[in-house]
Amino acid sequence: MPIVVVHRNPLLWTRLAALIFTCVAFSVAVHGAYLDHGTGDFCIFCWAFSFAGTLLVLLVEQCNLQARAPVSWKNFPITFACYASLLCLSASIIFPLFYLKGLTSQSEMRDFRIVATVFSCLATIVYMSEVSISKARPGEVVGYMATAPGLLKVCETFVGCIIFVFISDPVAYDQHAALKWCLAVYCICFILSAAIIVLCVGECTGCLPFPFARFLSLYALLAVAMYLSAVIVWPIYKFDRKHGGNPSRPSFCGSSPGLCDWDKLMAVAVLSGVNFVLYLADLIYSARLVFVTV
């Protein structure tokens, strides 16, 4: 009599679910959603990238190839899952905003778009569950990326990427030197946070000529101070009439698809505040964190 072995590893089932949900999302979108501009391509990239990365993680773990992987397997899977959850979350917001907003007539195209949105939301929930399962617990010896500061670094870089998109289309930082300072803040903090993630995933932190833990605390303090300045300066030069800003949302923004230019400026201001809070939390956790292993 054949014996059926059921795996009890919750990570396996969450990754399988994520694999199915992302596959359905981009397959349905490509097949019948009729995406007509670059925003749809970005959403498909989010789902396809998440699908491919999850498939890679599953193959490596099921074939027991973790020791041969050129990256730290204590850090890579949870880092990828965190990025995948943020990518799917952004696609779940952007896709209906551009492709379902104002679409009231019943059609097969509308049904395909709704299905893609639903499965994108399900993929987001599953990836967030994977992060929750994989994150560090008190007393556990884990990689840095499984700790709160490591996960915050992922969120900081992702929010930074979104800021770059909004601040460059159209270019919104060339009117005043103070706005160029804001751009410098976003770039410097993004580059350093991304470098920290690469060092941890590549297990290169031991090659640094200075204590990694102390560097993290000092960098978090610097980032908090820099983002605080950006949070103050950006709204002054974009929404204060004395400095050429516009505090009122134009009437045409309500009827335009997606986000108008004023909405993008407001999004940069809000996301700057979000990243300031993330860096502040990073500073608090980094100051308290005792590194057992990285």
Side-chain angles (χ1 to χ4, degrees), residues 3-27 44-88 123-158 161 190-213 215-216 286 289-294:
I3 299 175
V4 178
V5 179
V6 179
H7 291 274
R8 296 181 179 275
N9 185 357
L11 279 176
L12 174 63
W13 294 110
T14 55
R15 287 167 181 161
L16 286 174
L19 198 71
I20 295 171
F21 293 154
T22 51
C23 181
V24 172
F26 77 75
S27 298
I44 290 175
F45 165 77
C46 292
W47 300 323
F49 176 80
S50 301
F51 171 84
T54 303
L55 180 61
L56 175 64
V57 171
L58 280 171
L59 289 176
V60 170
E61 294 206 340
Q62 294 308 304
C63 297
N64 293 318
L65 299 175
Q66 296 94 321
R68 299 185 180 182
V71 295
S72 167
W73 209 252
K74 294 180 294 184
N75 290 303
F76 177 76
I78 190 170
T79 303
F80 171 79
C82 193
Y83 273 121
S85 66
L86 293 171
L87 285 170
C88 290
T124 303
I125 295 171
V126 170
Y127 279 119
M128 288 181 176
S129 300
E130 180 180 346
V131 173
S132 178
I133 295 170
S134 304
K135 69 180 182 180
R137 299 291 191 275
E140 286 185 335
V141 178
V142 295
Y144 173 76
M145 296 307 299
T147 64
L151 296 175
L152 286 170
K153 291 290 187 303
V154 174
C155 297
E156 291 157 6
T157 55
F158 187 81
C161 286
F190 172 82
I191 291 171
L192 290 177
S193 294
I196 290 170
I197 293 173
V198 171
L199 287 172
C200 291
V201 173
E203 287 192 316
C204 300
T205 56
C207 301
L208 298 176
F210 45 79
F212 186 58
F215 166 73
L216 291 174
S286 296
L289 187 62
V290 177
F291 291 91
V292 177
T293 182
V294 175

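Worth knowing before you read on, the calculation uses all heavy atoms, side chains too, and leaves out hydrogens, waters and symmetry mates.
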If I take atom [atom1] from residue [X] and atom [atom2] from residue [Y], how far apart are they, to the nearest 0.5 angstrom?
| X | Y | atom1 | atom2 | result |
| --- | --- | --- | --- | --- |
| Tyr144 | Ser72 | OH | OG | 13.5 Å |
| Ile20 | Ser27 | CD1 | OG | 12.0 Å |
| Thr14 | Leu19 | OG1 | CG | 11.0 Å |
| Ile78 | Ser132 | CD1 | OG | 9.0 Å |
| Cys63 | Leu58 | SG | CG | 10.0 Å |
| Phe45 | Trp47 | CZ | CH2 | 13.0 Å |

Smallest separation among heavy atoms of [X] and [Y], with atom names:
| X | Y | answer |
| --- | --- | --- |
| Thr22 | Ser50 | CG2-CB, 3.9 Å |
| Ser134 | Leu11 | OG-CD2, 3.3 Å |
| Ile197 | Met145 | CG1-CE, 4.0 Å |
| Phe158 | Leu86 | CZ-O, 3.3 Å |
| Glu130 | Pro77 | OE2-O, 4.1 Å |
| Pro10 | Ile133 | CB-CD1, 4.1 Å |

Mind checking whether [X] and [Y] have side chains closer than 4.5 Å, heavy atoms only?
| X | Y | result |
| --- | --- | --- |
| Val24 | Phe51 | no |
| Leu216 | Pro149 | no |
| Val126 | Arg15 | no |
| Leu151 | Thr79 | no |

- Query: Would you find more than 12 non-hydrogen atoms of other residues, nucleotides or ligands less than 6.0 Å from Phe215 atom CZ?
  - Reply: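 It does: Phe215 CZ has more than 12 such atoms within range.
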
task = Answer yes or no: is there a donor N or O on one side and an acceptor on the other, between the side chain of Thr124 and the main chain of Cys88, under 3.5 Å?
result =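 Such a contact is found between Thr124 side chain and Cys88 backbone.
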
Hey, does the side chain of Ser193 reach the backbone of Phe190 with a donor-acceptor pair shorter than 3.5 angstrom?
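Flag not set: sc Ser193 to bb Phe190 has no pair under 3.5 Å.
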
Applying side-chain contact (heavy atoms from CB on, under 4.5 Å), run through Ile125 and Phe21 and close with a yes or a no. CA-CA 10 Å; Ile125 295 171; Phe21 293 154; over 6 Å; no

- Tyr83 and Thr157 side chains, donor-acceptor separation under 3.5 Å: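 Yes - a donor-acceptor pair under 3.5 Å links their side chains.
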
*Donor-acceptor pair between Thr54 and Tyr127 side chains, under 3.5 angstrom*: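 Yes, Tyr127 and Thr54 have a side-chain donor paired with an acceptor closer than 3.5 Å.
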
Between Phe80 and Phe49, does the ring centre distance come in under 6.0 Å?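 Yes, the ring centres sit under 6.0 Å apart.
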
